[in-house]
Amino acid sequence: MPPTWPHSTDYIEAVQAPAVNFADPDLRAAEVVTNAMGLPQPCSGNFADVYQFRTSDGRRSWAVKCFTRPVSKLSERYREISQHLEQAKLPFSVEFKYLEQGVRIRGQWYPVVKMDWVEGQTLAQWVRQNVGKPRRIETLLGIWLKIEPRLRQAQAAHGDLQHGNVMLVPGTTENSLALKLIDYDGMWVPSLGGQSSGEVGHPSYQHPQRARKNLYTSDVDRFPHFVIAFALRCLARPDAERLWTTYDSGENLLFTRDDFVTPAKSELLHELWDTGDRELQAWVGHLVIASQAPVESTPLLPEIMVNGEMSPLPASRETIVRQLMGLMQTSVTVTVPVSSITGNAAVSSSPSEATPAAPPELRFWNGIGYHSANLWQILKSAAPAELKFTSRQSLVLAVTAVACFALGWFSRSMLSHQSEGPLGVTTPGENGGDVLPAEMDGLPREFVNTVGMRFALIPAGEFQMGSPGSDPKTMSDETPRHRVKISRSFYLGRYEVTQEQYDAITKDRSVSTNLQPNHPVVNISWDEGAMFCRQLSDLEKKDYRLQTEAEWEYACRAGSNSPWYFGDEPNQIAEYAWYRNNSNRGPHAVGLLKPNAFALYDMYGNVSEWCHDWYDGTHYQQSSPIDPSGPASPSPGRSKIRRGGSWDDLAFDCRNAFRQASSLDSQSPRTGIRVLLQTEDPRPILSQEGGP
């Protein structure tokens, strides 16, 4: 690389004599395009000036990029991109040649990039001209859908898909349209894998993680390709002109970076969702989820579209979208109509949070248990008021009632035997989901505080804490397995405390500053977590604290008796947890994956959670069987318990019973907090001053 680089004035002088100062035969025979004063008019960028050269007959033009400052590994980058594109021969690419011996200035050669000069309209210019012409927009969308798959097939990613780098030019036939991609400065090709490009793309098109993590991978086009396709889909609608007038800034195509960073505050996304158009809602849903997930998780459009239309969102993903957009209701009503004795409880709920059904075998026994206990009232209420029973009918009803009570007792025994779950808690439904009644002990199933933190009611009950010695997964500090009773219900945060919530209470923005507002707060010590609880308690005049280890495991198991709340093997863990194999080495927005049966999200993975207790590897040998709160005094290492595993842990470390210990004052990007809200309870509140 040259020790110094020419200035713009040096290039202006050199390009006026191409036959002398250029080595490429095309450029030597061409002329630089000048302005009305006869002077070259460069397009100046961040690190280069671009000049237009044209043949004397005007039939061919090139853009010549001349560098004005050094760029890391510039020669290698442009050489590799040039060679790859020459082999790929993509129909929508332009000639792109890196010329090491490009232009001579004061006797020294400097590199240039020679590209085809494209005459046409940028994507934004063309859309502005054609808004209100849906058939033209739809035609362009059809062309656009083919771009990313072709790039992927060619093992390339443009790196900066946006309105200024997409050109619309006349096609090969009259009234036809062709598309060209220009500006390959940020292009990814396999030979450059593992390097940094220095380009992060236009913010109105790029995934929020792109700039923050300086991502440069084969997947960087996934998100902007989706964004442009979605914008074109919207602009093919009857209200396209109004949308364009409202949301065009001159530097976007409807969407902006803020729509991706905080979808809950996006007027455009809410407007599109509120149309009720299911296909449009599916577009919104996929975009919202993709914006909060890793870049490589952004769906490829051919995989989720059928015959040119977006496939509907699955119910589970629609729930995630509603949560991310702030559309979730704060309560769900569950009712069982007395007119039905089929054993299948009817569920009525807000459209934002449907309650999944229990597995068939559990619905059967649960149905018998419920309906046998109420069948007498059902039969009685179903009979006309003036109806009088004969002695024979009375006998039949009496026998039926006795049978009902017997079946009720038997079904409860079956449920208890099958689940070994907490007493009084319905066995979890399939797919995670909450199957608790709307209220228990006079308490609503969910509580939302003034900060917007949502808490799930966890009922009192009993469970087996720890791991059985017969399980090969068992660690020594997880034994002996012992029965524990949680004597009082409590509320537990549905989600890990987020950066935004932590900032709102503590006013301390010095932690987790590289994360988004809806990511879990990290890098806080146990003391800082306890302080957050105290400040929240003072603000709300309620009793918030860190959960005990027993409360955490009880809530995590949610009635299960297996190593993971979904089963004995970790083959489903990616559906519930951000862990080492799917996290892309970092935390994610809370609540994106499946919850457990208490509707608690991210109990596994994402970040491990501080618990109240001191750590003692042998404490289970003398632990209290009722509401245990850990050792009475700290261990020599003054370590506190962390539970749940993190984004950097293996599935093994995300088991229900797995215990981790960390020093009281340690801070880690893998550790955060979940908060417990105490219900009205006569027990003393646990101290948050570093011990019980």
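The structure presented is a predicted model; accordingly, all values stated were derived computationally and were not measured.
Using a 4.5 Å heavy-atom threshold, the side chains of Glu148 and Leu161 count as separate. Side-chain atoms of Arg585 and Asp648, non-hydrogen and from C-beta on, do get closer than 4.5 Å to each other. At least one side-chain heavy atom of Ser666 sits under 4.5 Å from a side-chain heavy atom of Trp610. Contact check for Pro263 versus Gln292: side-chain heavy atoms found under the 4.5 Å cut-off. Considering only heavy atoms from C-beta on, Ile505 stays 4.5 Å or farther from Tyr544 through its side chain.
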Query raised in the report: Would Phe532 and Tyr502 count as a ring pair (Phe, Tyr, Trp, His ring centres under 6.0 Å) if you check the C-alpha gap in whole Å, the side-chain angles of each, and the deciding distance to 0.1 Å?
Result: CA-CA 7 Å; Phe532 173 85; Tyr502 187 85; 5.6 Å; yes
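Asp221 places a side-chain N or O within donor-acceptor distance of the main-chain N or O of Gly159, the cut-off being under 3.5 Å. In this structure, Asp259 contributes its side chain and Ser266 its backbone to no donor-acceptor pair below 3.5 Å. Between the side chain of Trp552 and the backbone N or O of Gly644 there is no donor-acceptor pair closer than 3.5 Å. With hydrogens and angles ignored, the 3.5 Å screen pairs a side-chain donor or acceptor of Trp647 with a backbone N or O of Pro669. Using modelled atom types, one side-chain atom of Ser93 and one backbone atom of Leu90 make a donor-acceptor pair closer than 3.5 Å. Asn584 contributes no side-chain N or O that, together with a main-chain N or O of Ala293, makes up a donor-acceptor pair within less than 3.5 Å. Side chain of Asp649 to main chain of Tyr579: no donor-acceptor pair is present (N/O by atom type, distance under 3.5 Å, no hydrogens or angles). Side-chain atoms of Asn252 come within 3.5 Å of backbone atoms of Tyr247 as a donor-acceptor pair (strictly under, hydrogens ignored). Under the 3.5 Å distance criterion, the side-chain polar atoms of Glu279 are matched with a main-chain donor or acceptor of Met310. Looking only at distances, no side-chain donor or acceptor of Arg670 sits under 3.5 Å from a matching main-chain atom of Ser646.
Remark: the Thr450 side chain and the Glu540 side chain contain an N/O donor-acceptor pair separated by less than 3.5 Å. A donor atom on one side chain and an acceptor atom on the other are not found under 3.5 Å apart for Arg128 and Gln125.
Ion pairing of Glu199 with Arg77 is absent here, as no side-chain N (NZ or NE/NH1/NH2) approaches a carboxylate O to less than 4.0 Å. Between Asp653 and Arg580 there is no salt bridge, since none of the side-chain N atoms of the basic residue sits less than 4.0 Å from a carboxylate O of the acidic one. The pair Arg494-Asp602 does not meet the salt-bridge criterion, since no charged nitrogen lies less than 4.0 angstrom from a carboxylate oxygen. Under 4.0 Å is where a charged nitrogen must lie from a carboxylate oxygen, and between Asp277 and Arg233 at least one such pair does.
Ring pair His158/Tyr184 is perpendicular by interplanar angle, where above 60° counts as perpendicular and below 30° as parallel. Using cut-offs of 30° and 60° for the angle between ring planes, the Phe566 and Trp564 rings count as parallel. Ring geometry for Tyr565 versus Tyr604: interplanar angle under 30°, hence parallel rather than tilted (30 to 60°). The aromatic rings of Phe223 and Phe260 stand perpendicular to each other, their planes meeting at an angle above 60°, with 30° marking the opposite boundary. Between Tyr78 and Phe67, the ring planes lie tilted relative to each other; the angle falls in the 30° to 60° range.
In this structure, the separation between OG1 on Thr139 and CG on Asn130 is 10.0 Å, given to the nearest 0.5 Å.
In this structure, Lys265 places its NZ atom where only 12 or fewer heavy-atom neighbours from other residues, nucleotides or ligands lie under 6.0 Å away.
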